K.L.:
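Sharing a structure with you now.
In what follows, chains are A, B, ... by sequence order, proteins preceding strands, each numbered from 1. Given the structure is predicted, the values throughout are model-derived calculations rather than measurements.
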Protein chains: 4
Amino acid sequence: MRKTPRQARSRALVEAILEAGARILSVEGWAGFTTNAVAERAGVSIGSLYQYFPDKLALTDAIRQRHLDDCMAVLRLSQDAALSPDAFAAGLARAMISAHLKHPGLHRVLLDEAPASSDYRNPQSVFEQAYLACFEAAVARYRGEANRVAALVLSDAIDGIVHNAARRGMLAEPEVERELVAVVLASLALRTRPSS
Amino acid sequence: MRKTPRQARSRALVEAILEAGARILSVEGWAGFTTNAVAERAGVSIGSLYQYFPDKLALTDAIRQRHLDDCMAVLRLSQDAALSPDAFAAGLARAMISAHLKHPGLHRVLLDEAPASSDYRNPQSVFEQAYLACFEAAVARYRGEANRVAALVLSDAIDGIVHNAARRGMLAEPEVERELVAVVLASLALRTRPSS
Amino acid sequence: MRKTPRQARSRALVEAILEAGARILSVEGWAGFTTNAVAERAGVSIGSLYQYFPDKLALTDAIRQRHLDDCMAVLRLSQDAALSPDAFAAGLARAMISAHLKHPGLHRVLLDEAPASSDYRNPQSVFEQAYLACFEAAVARYRGEANRVAALVLSDAIDGIVHNAARRGMLAEPEVERELVAVVLASLALRTRPSS
Amino acid sequence: MRKTPRQARSRALVEAILEAGARILSVEGWAGFTTNAVAERAGVSIGSLYQYFPDKLALTDAIRQRHLDDCMAVLRLSQDAALSPDAFAAGLARAMISAHLKHPGLHRVLLDEAPASSDYRNPQSVFEQAYLACFEAAVARYRGEANRVAALVLSDAIDGIVHNAARRGMLAEPEVERELVAVVLASLALRTRPSS
DNA sequence: GATGAATGAGACTTCATTCAT
DNA sequence: AATGAATGAAGTCTCATTCAT
């Protein structure tokens, strides 16, 4: 950000911009996400937007950061070493679904369409490290082995299930949640080479 | 298409355009996919492109159609009622991975970013019907029950795994394929409510 | 208009665009009337033009509307029930000529070449209604009969005379004005079937 | 024309092009008049069109020339020194109307929109000389005076009446023809300064 | 001669960004 | 600090014209 908002008014302004941007990205996708549209939706002048974000990329990054923080918060809540596998899978599925219910399209747009300044999806990035750590811990806990790739694949499978359900408007359907739980559970019950 | 290419030269030209478009979509994403860039990469004038495609959307549709046809062809090959679950899962994983190896980013861009004239990802569309039918058949065969949602979730999980692996450049790694096989197999071995 | 200009600068900008557009249409015709040319002639960027006019057609309509308003204003001034036929014809001729002196080619281009969003030249359009009403009133007054077609033909004859004189650069010649007065007067002096 | 067609086939080809061009100009206006459209409508390849016409302007000129020749032919037929004023006016009106019935919009498009290589509407041009000569002769005959401007104004009034009637689709209405006759007759009955 | 695929200059329009007020 | 009018590079698409077959 170009400058840190210190006063209450400034913080509210930045908040309004981020929220307006998230909503536009979610509803209209990357194509409808123009800086002028965001400013207008936020009830702010385009000039003010550029006071706090040097360019469109910085704005996008800020929206993404906020969204990923939300996701991590929700994900961490589902981490509890004392849970049974069933309870863990149920909690994780519930957490992932609820994290996407507010802006169903946002996650996909931010991760698939929107350009990013840093390669935050690289396995070495801060976010991905923290995100994957949760899954690696769960794999270690329930499968009894450290397996980085298995954690990656599990998180990717969940990602695909949730993001496609969101696109189809099926995110809230109990059947989807039930199947998601089943897939997570099955993945965690596996040893690495089940076929041998 | 605006005009059907009849002569050999025309067919080669259309082929060059489609190939150049696929490559650009794969490597540079939707943002780099400009009609002028496609024409230039194809070694063709922009006017020639518009002789065969009435607008950018039609070009996008044509590239997508060709890609989906390839995917369906590969998918159908993996369908064989006589296969054991292990063999089926292995064949399916191999098929999905190989379908994405040529243009790793293409699938994601075409399905997530590129606008389409018809809603081909609607569950009622011709493509999605055919695509899901394969998964429904497999679920019925190996889980012994018809379960539309389970088929949907399985195909979405595979989609997530393959598309994220492609983004990370891990599509060719044997470990990924092994885990993909495991997830497919686990999903097919499930009864609907494994926890009850 | 996309935006209503509120500040003095904006109004001047819109004014400059309309004036530049009118001049280009008048001098170079529809073929030279490109949005970039209008912006450049107005000393304004192309983006500014599009802030106020959503597309080329809207700009054309605005220029036409302004011109037609000018014409109607000038025409209404010549309407005075107390005038003698001679005085009326003289006033009308003077009015029509002066309405075209500023941009001699504009009228023809706007009415014959430039596409319009609505069919303003349809006899039922608001403008044509008002315009023809003046001529119908004059015909009724001086010929003593209501005759819609006669009014139409009179206005068309004047149109032809003025617009061809403009093209020939003869609009300011006294002889043309004299003959125009004569034709108007003769038309108003007629009974419908003068030969029978 | 680039080359003179000598053989029967060539003459038919040129004929087809001119006719197709006239029809397109009449029906779709200058905007729809593209060289490719003309060639296609004529059932001829675009290359063949360019064999006989070096560019679009030459094609336009040829179509115009043919149309003006038709007009002159029809106009000359109405010239007969022995006619009474009434009979002359009736014949002239009939001639002008019938000259425009085949392609009602063509005349206007050719004279107002289509660019021309030479300034054929300049009073000094060959066509205008011949055309105006007819009107000057009539003015001299029936008004008993040589008056170039009166002839010009009369021909322009007729032009306006006919061309606007064509646009309104009223060209065939008897009332229009009757009023046209009346205007012509009144113009020819005038002395130059009727008001003094 | 005839064909029509190919060319590319140029038109319309959008939107990220700046800067005078 | 805030505003929003203004900018102009860049993208999509058309159509007059050429030239290899």
Side-chain angles (χ1 to χ4, degrees), chain A residues 3 5 7 9-10 13 31-40 44-57 59, chain B residues 2-3 5-14 31-40 43-59, chain C residues 2-3 5-14 31-40 43-57 59, chain D residues 3 5-7 9-10 13 31-40 44-57 59:
Chain A
K3 38 182 149 178
Q7 304 179 8
R9 182 154 65 126
S10 307
L13 186 151
F33 182 73
T34 70
T35 52
N36 282 290
V38 171
E40 187 177 9
V44 151
S45 81
I46 181 66
S48 292
L49 188 156
Y50 275 89
Q51 290 269 334
Y52 291 101
F53 301 97
D55 57 22
K56 193 180 184 180
L57 192 52
L59 171 59
Chain B
R2 188 175 267 183
K3 222 196 274 191
R6 291 180 196 289
Q7 305 181 8
R9 181 151 69 123
S10 313
R11 259 181 281 116
L13 184 150
V14 166
F33 182 72
T34 72
T35 53
N36 279 297
V38 172
E40 188 175 6
V44 149
S45 82
I46 182 63
S48 291
L49 189 157
Y50 278 91
Q51 291 246 336
Y52 294 100
F53 302 96
D55 56 23
K56 192 180 181 177
L57 192 53
L59 171 59
Chain C
R2 188 173 266 184
K3 220 196 276 193
R6 291 180 195 290
Q7 305 181 7
R9 182 151 67 123
S10 312
R11 258 181 282 116
L13 185 150
V14 167
F33 182 73
T34 71
T35 52
N36 280 296
V38 172
E40 189 175 8
V44 149
S45 83
I46 183 64
S48 291
L49 189 157
Y50 278 91
Q51 291 246 336
Y52 294 101
F53 302 97
D55 57 22
K56 192 180 182 179
L57 191 54
L59 172 58
Chain D
K3 35 181 149 178
R6 293 182 193 288
Q7 303 179 9
R9 182 154 67 127
S10 308
L13 185 151
F33 181 73
T34 71
T35 52
N36 282 291
V38 171
E40 187 177 9
V44 151
S45 81
I46 182 65
S48 293
L49 188 156
Y50 275 88
Q51 291 270 332
Y52 293 101
F53 302 95
D55 57 22
K56 194 180 183 180
L57 192 53
L59 171 59

K.L.:
Report the distance from atom OH of D/Y50 to atom NZ of D/K56, rounding to the nearest 0.5 Å.
P.N.:
8.0 Å
K.L.:
Under 4.0 Å from OP1 or OP2 of F/dA2: is there any side-chain N or O of A/Y52 that close?
P.N.:
yes
K.L.:
For C/Q51, I'd like to know if atom CD has over 12 heavy atoms of other residues, nucleotides or ligands within 6.0 Å.
P.N.:
yes
K.L.:
Look at all strands and tell whether C/V44 reaches a base, only sugar-phosphate, or nothing, counting heavy atoms closer than 4.0 Å.
P.N.:
sugar-phosphate
K.L.:
Could you please spell out the steps behind the side chain to side chain contact (heavy atoms under 4.5 Å, CB included) verdict for C/T35 and C/F53?
P.N.:
CA-CA 10 Å; C/T35 52; C/F53 302 97; over 6 Å; no
K.L.:
Whole Å only: how far is the CG atom of A/L59 from the P atom of E/dT17?
P.N.:
10 Å
K.L.:
Using Watson-Crick pairs (N1 to N3, plus N6-O4 or O6-N4) and G-U wobble pairs, both distances under 3.5 Å, which stems of at least 3 pairs involve DNA chain E?
P.N.:
E:2-21 with F:2-21
K.L.:
Return no unless some side-chain N or O of D/Y50 is found under 4.0 Å from OP1 or OP2 of E/dA2.
P.N.:
no
K.L.:
Find the distance A/E40:CD to F/dT3:C1' and express it as a whole number of Å.
P.N.:
14 Å
K.L.:
Applying ring-ring contact (aromatic ring centres under 6.0 Å, His included), can you list everything that pairs with D/F33, at least two apart in sequence or on another chain?
P.N.:
D/W30
K.L.:
Please write out each protein N/O paired with an N/O of nucleotides 8-10 of chain F under 3.5 Å, distance rounded to 0.1 Å.
P.N.:
| residue | atom | partner | partner atom | Å |
| --- | --- | --- | --- | --- |
| F/dG8 | N7 | C/G47 | N | 3.4 |

K.L.:
Is there a donor and acceptor pair closer than 3.5 Å between the side chain of C/Q51 and the base of F/dA5?
P.N.:
no
K.L.:
Between D/K56 and B/A37, which residue's closest nucleotide on DNA chain F lies nearer the 5′ terminus?
P.N.:
B/A37
K.L.:
Is C/S10 near enough to F/dA5 that one of its side-chain N or O atoms lies under 4.0 angstrom from OP1 or OP2?
P.N.:
no
K.L.:
To the nearest Å, give me how far apart CZ (C/F53) and C1' (E/dC12) are.
P.N.:
16 Å
K.L.:
For A/S48 versus A/V44, what's the shortest heavy-atom pair and its separation?
P.N.:
CB-CG1, 3.6 Å
K.L.:
Separation of D/L49 atom CG from F/dC15 atom C1', in whole Å?
P.N.:
13 Å
K.L.:
Determine the sole option in C/L59, C/L13, C/N36 for which the side-chain contact (heavy atoms from CB on, under 4.5 Å) test with C/L49 is passed.
P.N.:
C/L59
K.L.:
For a quick test of reading the model, state the closest non-hydrogen atom pair linking C/A37 to C/G32 and the distance between them.
P.N.:
CB-O, 3.9 Å
K.L.:
In terms of the nearest nucleotide of DNA chain E, which residue is placed more toward the 5' end: C/P54 or B/L13?
P.N.:
B/L13
